Amino acid sequence: VQLQASGGGLVQAGGSLRLSCAASGRTFSSYVMGWFRQAPGKEREFVAFIRWNDGSTYYADSVKGRFTISRDNAKNTVYLQMNSLKPEDTAVYYCAAGRVITTSPSPYDHWGQGTLVTVSS
């Protein structure tokens, strides 16, 4: 199983970025795909997840209304559209795949390599 995250970069506060997570190596129809982030000196925290089979989603309060998680079944890819970015959104963003519906990072079985998002004020 491989997860390849991309799309990070430097953006000004108020700007937007779209992260992608390309999944390969197995069928993910029964999986939950999550996005997490980790800022320097902080623990990894939940951002959002989407259930691959029915597309249901859940967001952390800190990003609700600003971020949107979605999936493209044909491309086996999950996206995180990030709008109205704030300096506190600066972190390395990771995509993950797991079989448990949870906001905790521990039960996720597979992780991408991370992509850095930097939001300048």
Side-chain angles (χ1 to χ4, degrees):
V1 175
Q2 285 192 326
L3 301 177
Q4 183 72 35
S6 61
L10 173 64
V11 64
Q12 288 188 332
S16 298
L17 281 175
R18 188 178 79 157
L19 306 184
S20 299
C21 177
S24 62
R26 67 166 300 131
T27 301
F28 289 90
S29 58
S30 62
Y31 273 67
V32 176
M33 303 297 293
W35 284 98
F36 293 81
R37 66 186 182 186
Q38 188 165 17
K42 295 188 176 182
E43 293 186 352
R44 192 167 296 189
E45 66 171 359
F46 168 77
V47 175
F49 71 63
I50 185 167
R51 294 183 66 184
W52 203 283
N53 56 359
D54 64 4
S56 57
T57 60
Y58 186 77
Y59 298 90
D61 288 342
S62 58
V63 307
K64 201 173 296 183
R66 300 188 298 123
F67 291 11
T68 302
I69 189 170
S70 63
R71 77 204 190 298
D72 184 326
N73 289 343
K75 296 181 178 180
N76 241 22
T77 299
V78 174
Y79 302 99
L80 185 69
Q81 177 66 44
M82 305 185 296
N83 299 328
S84 303
L85 282 162
K86 305 175 181 179
E88 52 264 42
D89 294 318
T90 295
V92 177
Y93 283 70
Y94 299 89
C95 62
R99 287 164 287 186
V100 178
I101 301 173
T102 179
T103 60
S104 171
S106 300
Y108 284 80
D109 303 310
H110 310 287
W111 290 84
Q113 84 285 8
T115 184
L116 177 62
V117 171
T118 304
V119 184
S120 62
S121 57

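Since the model is a prediction, treat every value here as computed from it, not as a measurement.
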Problem set entry | L17 and F67: CA distance, side-chain angles, deciding distance, side-chain contact (heavy atoms from CB on, under 4.5 Å) verdict | CA-CA 10 Å; L17 281 175; F67 291 11; over 6 Å; no
I'd like a table of donor-acceptor pairs (distance under 3.5 Å, sequence neighbours excluded) in which one partner is a side-chain atom from residues 114-121, with atom names and distances.
{"residue": "T115", "atom": "OG1", "partner": "G8", "partner atom": "N", "Å": "3.0"}

For this session: Please examine the side chains of Q38 and P105, heavy atoms only from C-beta on, and report whether any two atoms are closer than 4.5 Å.
Result: no
Exercise. Can a salt bridge be assigned to the pair K86 and D89 using a cut-off of 4.0 Å between side-chain N and carboxylate O?
Worked result: no
Seminar exercise, completed: Interatomic distance, NE2@H110 vs CZ@R99, rounded to 0.5 Å, equals 6.0 Å
Exercise. Quick one: do I69 and Y94 end up in the same hydrophobic cluster if we chain Ile, Leu, Val, Met, Phe, Trp and Tyr together by side-chain heavy atoms under 4.5 Å apart?
Worked result: no
Exercise. Among Q81, K75, M82, which one satisfies side-chain contact (heavy atoms from CB on, under 4.5 Å) with Y79?
Worked result: K75
For this session: Using the test ring pair (Phe, Tyr, Trp, His ring centres under 6.0 Å), find all partners of Y108 that sit at least two apart in sequence or belong to another chain.
Result: F36
Exercise. Is the count of non-hydrogen atoms from other residues, nucleotides or ligands lying under 6.0 Å from Q2 atom CD greater than 12?
Worked result: no
Seminar exercise, completed: Here the gap from W35 atom CH2 to F46 atom CZ, rounded to the nearest 0.5 Å, amounts to 13.0 Å
Exercise. Under 6.0 Å from the NZ atom of K42, do we count more than 12 heavy atoms belonging to anything else shown?
Worked result: no
Problem set entry | Transitive ILVMFWY side-chain link Y93 to Y58, under 4.5 Å | no
Exercise. Atom CG in L85, atom CZ in R66: separation rounded to 0.5 Å?
Worked result: 6.5 Å
For this session: Using atom types as modelled and distance alone, determine if a side-chain donor or acceptor of N76 lies under 3.5 Å from a backbone N or O of A23.
Result: yes
Problem set entry | Minimum heavy-atom distance between S84 and S16, given as atom pair plus value | N-OG, 4.4 Å
For this session: Using the six-membered ring wherever Trp is involved, compare the ring planes of W52 and F28 and label them parallel, tilted or perpendicular (cut-offs 30° and 60°).
Result: tilted
Seminar exercise, completed: Across all chains, not counting sequence neighbours, the side chain to side chain contact (heavy atoms under 4.5 Å, CB included) partners of S104 are T102, S106, P107
For this session: Identify the heavy atoms of S20 and T77 that sit nearest to each other, and give their distance.
Result: CB-CG2, 4.2 Å
Exercise. Considering all heavy atoms of both residues, which atom of A5 and which atom of Q113 are nearest to each other, and what is their separation?
Worked result: O-NE2, 2.7 Å
Problem set entry | Polar side chain donor-acceptor pair, N53 to S29, under 3.5 angstrom | no
For this session: Give a yes or no on whether L19 and W111 share a hydrophobic cluster (residues Ile, Leu, Val, Met, Phe, Trp, Tyr; joining criterion: side-chain heavy atoms under 4.5 Å apart).
Result: no
Exercise. Mind checking whether Y59 and V47 sit in one hydrophobic cluster, side chains of I, L, V, M, F, W, Y counted as touching below 4.5 Å?
Worked result: yes
Exercise. Looking only at heavy atoms, which two atoms of R71 and D54 are closest? And how far apart?
Worked result: NH2-C, 4.0 Å
For this session: Heavy atoms only: give me the nearest A48-L80 pair and the separation to one decimal.
Result: CB-CD1, 4.4 Å
Exercise. Do I101 and V63 share a hydrophobic cluster (ILVMFWY, side-chain heavy atoms under 4.5 Å, transitive)?
Worked result: no
